[in-house]
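What follows is a short report on a single structure.
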Amino acid sequence: MERPGDMEISRRGILAGTAATAAFAVVPVSEGNAAMTSGAAPPMMKLSLKVNGKARELELDTRTTLLDALREHLHLTGTKKGCDHGQCGACTVIVDGRRINSCLSLAIMHEGDSVTTVEGLGTVGDLHPMQAAFIKHDGYQCGYCTPGQICSAVSVLDEIKRGIPSHVTADLTAKPAITNDEMRERMSGNICRCGAYSNILEAMTEVAEQRA
Amino acid sequence: MKPFTYERAASPAKAAAAALATPNAKFIAGGTNLLDLMKLQIEAPAHLIDVNGLGLDRIERTDAGLRIGALVRNTDLAADMIVRRDYAVLSRALLAGASGQLRNKATTAGNLLQRTRCPYFYDTAQACNKRQPGSGCAAIGGVSRQLAVIGTSDACIATHPSDMAVAMRLLDASVETVTADGKTRAIPMVDFHRLPAATPHIETALAPGEFITAVTLPKPLGGKHGYWKVRDRNSYAFALISVATVIQPDGTGRVAVGGVAHKPWRIEAAEAELPKGAKAVTAHLLAGAKPSRDNAFKIPLVERTLAGVLAEARTA
């Protein structure tokens, strides 16, 4: 029998869905940390990277995520902080041509990288086709997840074009097609609390057809 | 996050040496699991050793099979044409895990080393022997729907969350490592992850500072590959259970199961039952299971899922 609370906990557990990962454990972990003693200034590091085509120099606390570097230090507030744990996709940006969760990446690990945020895709006077299609098809309601949705949507069409398979690709050795199932599966890392999914899909379909 | 110092490793052996010499150091690759845990202060390294940029991001065909660099991203491994054609179960397992954004960052070695998703490990207000050795296990007697049914101990009932690792175990992969003194070794997947026993905080066979350089696969097995993952929603969710199989035309083959134990679960002797069907295999594979009331459903779910995979292998 299911008890009250069972589903709630499992849903939250699912939302923490990072099956793949990257932290090589060094065992065992011992205590002791000179940098952690009270009063000491936190370690800082210099960083050079390209953001939306422009070279940027920063000096950051080592703990700064790429997301916080973009928003708090470069004042590019288009990229949003949702869960800050890689579960919602609001922070999605494109780094060296690949979409990532900027909240789960340290800024100092992006030395020399080229980052594209929603501000870099297009401007008010010169929208990226995906931005224009989101407006046309009402691919949002509150708009908070939208920058991440748009960065992801642009990358998803690119990933299909490059032949990267997905969980729903029937024949692994064939080139994946641009279908609703493929796009829905590939967009699952971007949560929209308003539920604009079907309109997002229409926007993506239109851009895909323009390019076909 | 607690403050930490940071360095970029110059070579695998130097990374291992730095990890051994620096108190409370950790390697960081994709960071998708480690940074999540650092934000919650479940992990609090004083020093991070960035192991990106060591040239460990290549997939090479070898005389023995395939050599996958430790830093190959999940997306690239799943999309590699040799993997898609000859080790399809691995590609399928990778694509069943996480989201597109995470697979773009997450690495092969990091995937093996990801920590459990047990809710009591994540909640620092709860007792957890894995997070704080000796503190107890609040999951035992707690909400355990997602947790392990076999290989558990009085100290821990957590599962290993990886899909990729289940396929690696099925394929008899080996984990290549280097230590600070430059010594290398290969650890078979069967020995790589440990059962919790009394020390659930010690999760792998790695020695302090030991660094993973590659994962190798033996020659392709042929046969029909399957990876069926059962979860509460169809995408971007951890497995309740998963079943990985390679089935040969004569009905023999291999079976490994995820979501049921502290490590990918495979009992080679159970595979002899494959010609008799899913019920016989599951009875052997999960003999001695000690499920809770919450997760007893996982045992029939493994059997039914395996039956589905076997039916697919017969028809296709």
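Letters A, B, ... mirror the listed sequences (proteins, then strands); counts begin at 1. Note that the structure is a prediction, hence the values are computed from the model and not measured.
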Where does [X] contact chain A at under 4.5 Å (heavy atoms): side chain, backbone, both or neither?
X: B:Ala88; value: both
X: B:Leu240; value: neither
X: B:Asp80; value: neither

Worked verdict on B:Arg73 versus A:Arg98 for side chain to side chain contact (heavy atoms under 4.5 Å, CB included): CA-CA 11 Å; B:Arg73 309 288 154 174; A:Arg98 298 163 70 118; 3.8 Å; yes

CA sep, side-chain torsions, deciding dist, call: A:Glu159, B:Asn104, side chain to side chain contact (heavy atoms under 4.5 Å, CB included): CA-CA 11 Å; A:Glu159 286 163 15; B:Asn104 277 343; 3.6 Å; yes

4.5 Å side-chain heavy-atom contact, A:Met109 and B:Tyr6: yes

A:Asn101 side chain near B:Leu102 side chain, heavy-atom distance below 4.5 Å: yes

What pair of heavy atoms forms the shortest contact from [X] to [Y], and how long is it?
X: A:Ile100; Y: B:Lys105; value: CG2-CG, 3.7 Å
X: A:Leu104; Y: B:Thr32; value: CD1-O, 3.3 Å
X: B:Ser99; Y: A:Gly189; value: CB-CA, 3.6 Å

Tell me, yes or no, whether the heavy-atom count around [X] atom [atom1], taken from other residues, nucleotides or ligands under 6.0 Å, exceeds 12.
X: B:Lys14; atom1: NZ; value: no
X: A:Lys161; atom1: NZ; value: no
X: A:Asp96; atom1: CG; value: yes

When A:Arg63, A:Arg162, A:Arg184 are compared by non-hydrogen pairs under 4.5 Å with chain B, the top option: A:Arg63

Under 3.5 Å donor-acceptor, B:Lys39 side chain and A:Cys103 backbone: yes

Steps toward side chain to side chain contact (heavy atoms under 4.5 Å, CB included) verdict (B:Leu95, A:Leu172): CA-CA 11 Å; B:Leu95 295 171; A:Leu172 268 188; 4.0 Å; yes

Matching residue for B:Met1 among A:Thr64, A:Thr65, A:Asp61, A:Thr62 - test: side-chain contact (heavy atoms from CB on, under 4.5 Å): A:Thr65

Best-contacting candidate, B:Arg92, B:Met38, B:Arg85, B:Met81, against chain A by heavy atom pairs under 4.5 angstrom: B:Arg92

Chain A contacts, top residue of B:Asn52, B:Asp76, B:Leu94 (heavy-atom pairs, under 4.5 Å): B:Asp76

Under 3.5 Å side-chain donor-acceptor pair for A:Asn190 and B:Gln101: yes

From A:Leu106 atom CG to B:Asp50 atom CG, the distance as rounded to the nearest 0.5 Å: 8.5 Å

Straight-line distance of A:Met187 CE to B:Ser235 OG, nearest 0.5 Å: 11.5 Å

Carboxylate-amine/guanidinium contact A:Asp171 B:Arg84, below 4.0 Å: no

Contacting region of A:Ser166 [heavy-atom separation from chain B under 4.5 Å]: backbone

Portion of A:Met45 that has a non-hydrogen atom of chain B nearer than 4.5 angstrom: side chain

